[in-house]
Amino acid sequence: MFQNGGSIILNASIGGSKGFEGSSVYGATKAAIRSFARSWTVDLKHRKIRVNAVSPGPIDTPMTSSMVQSEEQGEQLKTILLSTLPMGRMGHPDEVAAAVLFLASDESSFVTGIELFVDGGLAQI
């Protein structure tokens with residue numbers, strides 16, 4: 001059973017806020033996660049449980065590499081992604097982990113119902 005006063009962090013994606021070709025079902029499921037965070041924020045407020053969502057953008061992980069069939073396609077994908085990112089680089093898994101750690105900690109004790117984008121600014125432009 002989940003303790004009163006805890007913190008729930010849901011893993012969403014910028015795909016729930018931005019439209020990407022060929023990923024409508026993925027985007028819809030990630031948008032649903034954002035909706036869960038909003039609804040559960042209200043549903044669980046009497047138990048003092050905070051609910052937030054983290055929405056990563058392009059993060060340099062093995063999953064990113066698995067989206068392509070060759071190293072050449074990988075470099076093309078990376079070039080395209082980098083051209084769209086205001087920060088000009090892919091994110092790192094430890095940057096997503098730091099955002100999750102913040103939301104799980106007492107440092108975010110007055111933060112609930114949000115979607116925190118860890119995406120180098122991509123979803124904001």
Side-chain angles (χ1 to χ4, degrees):
M1 180 154 193
F2 201 85
Q3 298 288 325
N4 288 345
S7 177
I8 296 172
I9 299 127
L10 304 174
N11 188 30
S13 167
I14 64 167
S17 299
K18 292 187 74 81
F20 295 105
E21 183 178 352
S23 54
S24 58
V25 173
Y26 176 81
T29 61
K30 294 304 183 174
I33 290 170
R34 173 63 177 111
S35 183
F36 279 133
R38 288 178 176 152
S39 297
W40 291 350
T41 293
V42 177
D43 291 344
L44 298 171
K45 68 181 180 183
H46 68 283
R47 294 185 53 199
K48 299 194 180 349
I49 295 173
R50 297 178 297 112
V51 183
N52 295 292
V54 173
S55 288
I59 305 298
D60 192 9
T61 66
M63 184 183 109
T64 307
S65 301
S66 72
M67 295 169 53
V68 296
Q69 296 176 346
S70 70
E71 191 173 319
E72 182 181 328
Q73 283 182 334
E75 288 304 313
Q76 289 173 347
L77 175 62
K78 191 172 184 177
T79 299
I80 291 167
L81 286 173
L82 292 178
S83 73
T84 64
L85 289 163
M87 298 217 39
R89 65 174 179 84
M90 301 277 285
H92 299 281
D94 58 338
E95 292 171 308
V96 178
V100 171
L101 182 60
F102 166 71
L103 290 174
S105 75
D106 289 339
E107 296 297 315
S108 65
S109 63
F110 198 58
V111 178
T112 192
I114 70 157
E115 179 176 16
L116 178 57
F117 290 94
V118 184
D119 67 348
L122 183 58
Q124 308 311 309
I125 58 163

ILVMFWY cluster, [X] and [Y] together (side-chain gap under 4.5 Å):
X: Met87; Y: Val118; value: no
X: Phe2; Y: Trp40; value: yes
X: Leu10; Y: Ile114; value: no
X: Leu81; Y: Tyr26; value: no
X: Val96; Y: Leu116; value: yes

Looking only at heavy atoms, which two atoms of [X] and [Y] are closest? And how far apart?
X: Ser13; Y: Glu115; value: O-OE2, 4.1 Å
X: Pro56; Y: Ile59; value: CB-CG1, 3.9 Å
X: Ser105; Y: Ser108; value: O-OG, 3.1 Å
X: Ala123; Y: Ile14; value: CB-CG2, 3.8 Å
X: Ala12; Y: Ser55; value: CB-OG, 3.3 Å
X: Leu82; Y: Gly88; value: CD2-O, 3.7 Å

Q) Is the number of heavy atoms from other residues, nucleotides or ligands under 6.0 Å of Phe36 CZ greater than 12? A) no
Is it the case that the side chain of [X] and the backbone of [Y] share a donor-acceptor pair, with hydrogens and angles ignored and the cut-off at 3.5 Å?
X: Glu95; Y: His92; value: yes
X: Lys18; Y: Ile125; value: yes
X: Asp60; Y: Met90; value: no
X: Ser7; Y: Val51; value: no

(Q) Pairing donors with acceptors under 3.5 angstrom, does anything connect the side chains of Thr41 and Arg50? (A)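 No pair is found: no donor N or O on one side chain lies under 3.5 Å from an acceptor on the other.
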Q) Between atom CD1 of Ile33 and atom OG1 of Thr29, what is the distance when rounded to the nearest 0.5 Å? A)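 Going from CD1 on Ile33 over to OG1 on Thr29, the span is 6.0 Å.
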Q | Ile9 side, atom CD1; Leu103 side, atom CG - distance, nearest 0.5 Å | A |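 Answer rounded to 0.5 Å: 5.5 Å.
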Just wondering, do [Y] and [X] contact through their side chains at under 4.5 Å, heavy atoms?
X: Asn4; Y: Arg47; answer: yes
X: Ile8; Y: Leu44; answer: yes
X: Arg34; Y: Arg38; answer: yes
X: Val54; Y: Phe117; answer: no

